[in-house]
Protein chains: 2
Amino acid sequence: MKAQRKRANLRDVAAAAQVSVATVSRVMNAPETVAEKTRARVEQAMQELRWLPSAAARAINSGRTRFVGALVPTLEHDIFARVLAGLERQLASHRLSLVVATTDDDPRIEAEKAQGLIDIGAEGLMVSGMTHTPEFFGLIERGQLPAIAISCFDPDYRLPTIGYDNTAAARAALDHLADQGHRRIAVVHGPSNLNDRTRARIEALAGHRPEVDLVYHEVPLSIAGGCAAGQAVRTAAARTSAVLCLSDVLASGVLFELQRAGIAVPGQISLIGVDDLPGSEHLYPELTTVHLPVSRMGLAAADALAGWVETQTVPQPRLLEIELMVRASTGPPGRLNGQPAA
Amino acid sequence: MKAQRKRANLRDVAAAAQVSVATVSRVMNAPETVAEKTRARVEQAMQELRWLPSAAARAINSGRTRFVGALVPTLEHDIFARVLAGLERQLASHRLSLVVATTDDDPRIEAEKAQGLIDIGAEGLMVSGMTHTPEFFGLIERGQLPAIAISCFDPDYRLPTIGYDNTAAARAALDHLADQGHRRIAVVHGPSNLNDRTRARIEALAGHRPEVDLVYHEVPLSIAGGCAAGQAVRTAAARTSAVLCLSDVLASGVLFELQRAGIAVPGQISLIGVDDLPGSEHLYPELTTVHLPVSRMGLAAADALAGWVETQTVPQPRLLEIELMVRASTGPPGRLNGQPAA
DNA sequence: TTGACGGATGTAACTAGTTTCATTCACTCT
DNA sequence: AGAGTGAATGAAACTAGTTACATCCGTCAA
């Protein structure tokens, strides 16, 4: 019942090695300034006491914690996982670590988790989209904390944005279908009430091509949601000759459902997505879609955030190019669509 | 050129509010013990100085940083993203945050990044699989750091493992095909030299069903890799009637390639995967596969790690059930396979 | 009136490191 | 021999908080 050994600290090591704390510190941070023999003695003491320096104590002196936080709606969708992959890789090259928190697309949860990240010492934050609570802005302004928003672009936004033009992405898809002659198009999208990117895409379509009739289907943002939409499209709308999905995940579900029902894509119905997931290119038929550069976005976000954290330079907003990938799932309107002359 | 205002600290706040540091600290941690008027004064001072408490200084006293690290091979594969999704969600309920680092399946990079995570104060680590360097073990033993391994199971391993039986998973797939009468099966797998889980699966197949001929194809672990394997299978092996992919990602690629070549699945060739990705159920035909409970694994890992960190209790290894999901991509050997009577 | 009690607050010692500014001492140069 | 030089080391101050303990003051009971 003597000395309940708590974790050894630098003073213990110094005592064991019969040197001062300064010398032990030097062995850690500038070994070349310590005499060979002394250093060996100190290192042995470290070994024996199983000493590891305390990150917190180090951080308190440097004022740096060397990590930033990322707030994303979910990790279950490929998109965000790929953003984070790029982000992590690039942050690592700046010797920064990445803390991840998910928000379920709920700004209140986002604010809470942001508070949590700040509590543990995040030096900067990355958030998704442009829907945030006043509490969130309060937090970051209070601490004058570097924070950037991704997946969107608006040079006038309160935070520097790094992303693509959601309006342009949706319109590119619509233009492609309209140019091929489609005049009645089903639009399949995820929940719009809690996601500003989805909302931006939907709003971009209204009136953009007045000659086209648009029929909207809101479903959960998942393959199953896409399946449901596929069924709805198949059974309901007669003259619908094309389906525009505002996400490739939804497009996969729609495609599955159409194939199951024996409807030819693009023979009877054309299908286009937005995202360009890694698998989209290898669906059968290959999915026509709008490529969003999420991986590059992760890299760019990392550089922007790292730069801000390291040098106090607020980064410029940055617009990344999107690209229409015309593949095999779209074509001119088919002659027959279930009932030949509805 | 006066007082370059560095970030305010608690002493500054105390001075501004004309109270002692203890009182300011109390306003943060036990507001009810401070008189209303005093508290208001202190809070106003905090506001004015835009003060946020330093996480490091707090951590140095509590000895807690409240975050753990996860080392995964990559974020680009759905599998790990889903593990992390479960992990993050469950850690959050223990009020712990998650730092993510990727290793590219390289144990040396893993050791480096583990060092980095420890440097910034991780209270525990999660790693994938059972291939780790002595340096890695040195690190965690030095700091007596909680660490668990996932995606594998071995109660005798140096770290507590939480995962599934890779041997059983591979064998379940092989059994399914063999039981249906397939006698010549192409096995498609990712790089085996740097991934012990893949290796375990491959080794599990050898001699497990002696009546079956196995032909191995090693390709990159990606859809493109699967496509390459699909071509190889199609052109090379004559009597091959089934393809066993040790990952659903590969299976998607194989399926794409077979469909493109007009080969009926499962009519001419049966196809089975391992993983059960969210999309696998909605490929056409629906992919038969072995379900690995990655999301539950994330939850279980979070509970194990949180328990260890909070209460110093080393968790029990835990084996999670796998399940063969028989869907539409497998069936008895087809009568014709390219050349009728090779 | 005086002692006891308790709420509000302050002092100073902690936490675990880094860093500045001496100081010591061996060695070289004049 | 005495001064100058530079490497090696140590004492103490510093980082930004928490907290044990002391103190002050007003109220209430004896």
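Proteins get letters first, then strands, A, B, ... in listed order; numbering begins at 1 in each.
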Find the bend of the helix from C:dT1-D:dA30 to C:dT30-D:dA1 as the angle between its two terminal axes (five pairs each), to the nearest 10°. 60°
No-hydrogen, no-angle side-chain donor-acceptor test under 3.5 Å, B:Thr161 and B:Asp154: no
Just to confirm, is there a sub-4.0 Å distance from OP1 or OP2 of C:dG17 to any side-chain nitrogen or oxygen of A:Arg11? no
What is the separation between atom CG on B:Leu52 and atom C1' on D:dA16, rounded to the nearest whole Å? 13 Å
Would you tell me if any nitrogen or oxygen in the side chain of B:Asn29 comes within less than 4.0 Å of OP1 or OP2 on D:dT18? yes
Please work out which of the three classes, parallel, tilted or perpendicular, describes the rings of B:Tyr157 and B:Phe137, given edges at 30° and 60°. perpendicular
Would you check if A:Lys113 and A:Thr102 make a side-chain contact, meaning some heavy-atom pair closer than 4.5 Å? yes
Nucleotides 4-11 of chain C: protein proximity per nucleotide (B base, S sugar-phosphate only, - neither; heavy atom, under 4.0 Å): ----SBBB
Can you tell me the distance, in whole Å, between the CZ atom of A:Arg64 and the C1' atom of D:dA16? 18 Å
Return the value, rounded to whole Å, for the distance between atom CD1 of A:Ile60 and atom C1' of C:dG17. 8 Å
Taken to the nearest whole Å, CZ/B:Arg7 to C1'/D:dC14 is 17 Å
Side chain proximity check, B:Glu43 to B:Pro31, heavy atoms < 4.5 angstrom: no
Closest to the A:Ser25 side chain: C:dT19, C:dA16, D:dG17? C:dT19
Among B:Val19, B:Thr23, B:Val27, the one residue meeting side-chain contact (heavy atoms from CB on, under 4.5 Å) with B:Arg39: B:Val27
Can you confirm whether B:Val72 sits close enough to B:Val83 that some side-chain heavy atom of one is under 4.5 Å from a side-chain heavy atom of the other? no
May I ask you to test the A:Pro107-A:Phe136 pair for a side-chain heavy-atom distance under 4.5 Å? no
Tell me the interatomic distance from A:Leu10, atom CG, to C:dG17, atom P, rounded to whole angstroms. 5 Å
Ignoring backbone atoms, test whether A:Asn9 places a side-chain nitrogen or oxygen under 4.0 Å from the OP1 or OP2 oxygen of C:dA16. yes
Expressed in angstrom and rounded to an integer, what is the separation of A:Asp119 atom CG from D:dG17 atom P? 12 Å
Let me know the distance between CG of B:Leu49 and P of D:dA16, rounded to the nearest Å. 13 Å
Can you tell if the side chain of B:Leu91 reaches within under 4.5 Å of the side chain of B:Phe67, non-hydrogen atoms only? no
Would you kindly give the CE-to-P distance between A:Met28 and C:dT19, to the nearest whole Å? 12 Å
I'd like to check A:Leu305 versus A:Glu123 (side-chain heavy atoms, cut-off strictly below 4.5 Å). Are they in contact? no
